[in-house]
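This report refers to the structure that appears directly beneath it.
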Amino acid sequence: MRIATWNVNSLKVRLPRVEEWIDYAQPDVLCLQETKLADSAFPGLAFEALGYEAAHHGEGRWNGVAVLSRVGLTDVVDGFDDDDEPDPQARLLWATCGGVRVASVYVPNGRALDDDHYAYKLDWLARLRRNLERAHDPAEPLVVAGDWNIAPADDDVWDPAAFEGATHVSPAEREALGALVDWGLHDSFRRCHDEGGLFSWWDYRAGNFHKKKGMRIDLLMASTPVADAVTFALIDRQARKGSQPSDHAPVLIDVDLPAREGADR
DNA sequence: ATGGTAGCGGAGCTA
């Protein structure tokens, strides 16, 4: 099973690139972030034509997440799977696809360490951890895939010195991600690649993509049954090139999961 | 020189 994640930065603008990418990358499950669409504007028919079921959780101008699947899509939950107040921002969507519990996540940016949005980011990550503890078991096949807005380690950014005192690399954010690792999630891309300098996001400005000034912030955080089954992982830099690219590249993993009893396919 | 670009929406905010 091929599972992918891509922050598309407006699905309205990016739909042709997404259709093109699906055609050649052939993901079984694709998590999208920053669709920037209301649910009523989600192009479900375009994906149906490609053989995918889809669930979308949007709010309009900002945020918005989706899960596309050609291996089944059931038990959809918008936002946190808990009993607390619903998140007013559309940043999380759960679905079960081909026997794997999948979440598409768009973690708050944080902006700066002294910004209220940074505290919100840490609170949001803590709530995600509580959600996992409450509703899930790390022994089950599970992937939380998306734009985490966190570079897990210094070799996930082009120049650690340039990020001194900045968000995305702060100890508190990395500890919040570490709490999810402690619960039982693994940075599945790292099962196939241990070298630094592999990025999934590059600022549109100042030619940063061509200067190789990026960060690896798009992560497929997988439970042990999935992480142990990873056979291949890739960041598709080609998708960051060409006409009207997103500022993020898609990231994918291939997992060789044991056949399920009673599976559709 | 604190720059630069993209998207949304139609000015300023967000990233």
Side-chain angles (χ1 to χ4, degrees), chain A residues 5-21 30-43 46 56-66 79 87-93 104-125 128 145-152 156-170 172-174 176-177 199-219 235-251:
Chain A
T5 181
W6 195 5
N7 180 322
V8 293
N9 185 21
S10 171
L11 184 55
K12 180 182 176 183
V13 172
R14 217 68 62 207
L15 182 58
R17 297 293 304 256
V18 175
E19 292 175 312
E20 171 193 44
W21 191 80
L30 175 57
C31 297
L32 301 176
Q33 300 86 37
E34 281 209 87
T35 63
K36 297 184 175 178
L37 294 176
D39 289 335
S40 59
F42 181 75
H56 180 251
H57 176 41
E59 58 181 90
R61 293 187 182 96
W62 293 307
N63 309 313
V65 287
D87 188 347
Q89 301 185 352
R91 297 182 172 277
L92 178 61
L93 176 64
S104 181
V105 288
Y106 178 45
V107 175
N109 180 287
R111 301 186 188 182
L113 301 193
D114 60 353
D115 196 299
D116 287 344
H117 291 82
Y118 178 75
Y120 173 69
K121 180 181 194 175
L122 295 179
D123 289 344
W124 200 95
L125 288 162
L128 180 59
D147 177 0
W148 289 79
N149 274 314
I150 300 170
D156 293 314
V157 302
W158 63 274
D159 180 10
F163 289 88
E164 198 76 31
T167 183
H168 294 65
V169 300
S170 71
E173 288 163 83
R174 287 176 172 172
L177 185 61
F199 308 135
S200 65
W201 172 86
W202 302 260
D203 199 310
Y204 282 120
R205 298 170 291 187
N208 274 9
F209 178 70
H210 300 285
K211 295 174 185 171
K212 303 188 187 303
K213 294 182 174 182
M215 311 176 77
R216 193 176 67 91
I217 57 177
D218 298 274
L219 313 172
I235 300 173
D236 185 10
R237 294 180 74 260
Q238 295 302 320
R240 180 62 176 77
K241 304 177 182 176
S243 174
Q244 289 193 293
S246 171
D247 46 353
H248 294 252
V251 185

**Prompt:** Going by distance alone, is a donor N or O of one side chain under 3.5 Å from an acceptor N or O of the other, for A:Asp123 and A:Tyr118?
**Reply:**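 Judged by distance alone, the side chains do not pair up.
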Worksheet item: Would you say the side-chain atoms of A:Glu34 and A:Ser10 include a donor-acceptor pair closer than 3.5 Å?
Response: no
I want to confirm an ordering. Mapping A:Ala206 and A:Lys12 to their closest nucleotides on DNA chain B, which one lands closer to the 5' end?
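Counting from the 5' end, the first nearest nucleotide belongs to A:Ala206.
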For [N] versus [M], give the span between their [atom1] atoms, rounded off to a whole number of Å.
N: B:dG7; M: B:dA1; atom1: P; value: 32 Å
N: B:dT5; M: B:dG10; atom1: P; value: 23 Å
N: B:dG9; M: B:dG4; atom1: P; value: 24 Å

task = Could you tell me whether a side-chain N or O of A:Ser246 sits under 3.5 Å from a main-chain N or O of A:Asn7, the two making a donor and an acceptor?
result =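 Yes, because the side chain of A:Ser246 sits within donor-acceptor range (under 3.5 Å) of the backbone of A:Asn7.
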Checking A:Gln244, A:His248, A:Lys36, A:Gln33 against A:Asn9 for side chain to side chain donor-acceptor pair (under 3.5 Å), the one that qualifies is A:Lys36
Distances under 3.5 Å only, N/O to N/O: pair up the protein atoms with those of nucleotides 11-15 of chain B.
unit_1: B:dT14; atom_1: OP1; unit_2: A:Arg111; atom_2: NH2; d: 3.4
unit_1: B:dT14; atom_1: OP2; unit_2: A:Arg111; atom_2: NH1; d: 3.3
unit_1: B:dT14; atom_1: O5'; unit_2: A:Arg111; atom_2: NH2; d: 3.1
unit_1: B:dA15; atom_1: OP2; unit_2: A:Arg111; atom_2: NE; d: 2.8
unit_1: B:dA15; atom_1: OP2; unit_2: A:Arg111; atom_2: NH2; d: 3.4
unit_1: B:dA15; atom_1: O3'; unit_2: A:Asn109; atom_2: ND2; d: 3.4

message: Just to verify, what does A:Arg240 make a salt bridge (Lys or Arg N to Asp or Glu O under 4.0 Å) with, not counting sequence neighbours?
response: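 Listed in chain order: nothing, the list is empty.
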What pairs with A:Asp147 under salt bridge (Lys or Arg N to Asp or Glu O under 4.0 Å), at least two apart in sequence or on another chain?
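Salt bridge (Lys or Arg N to Asp or Glu O under 4.0 Å) list for A:Asp147, sorted by chain: empty.
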Do any side-chain nitrogens or oxygens of A:Arg61 fall under 4.0 Å of OP1 or OP2 in B:dG7? no
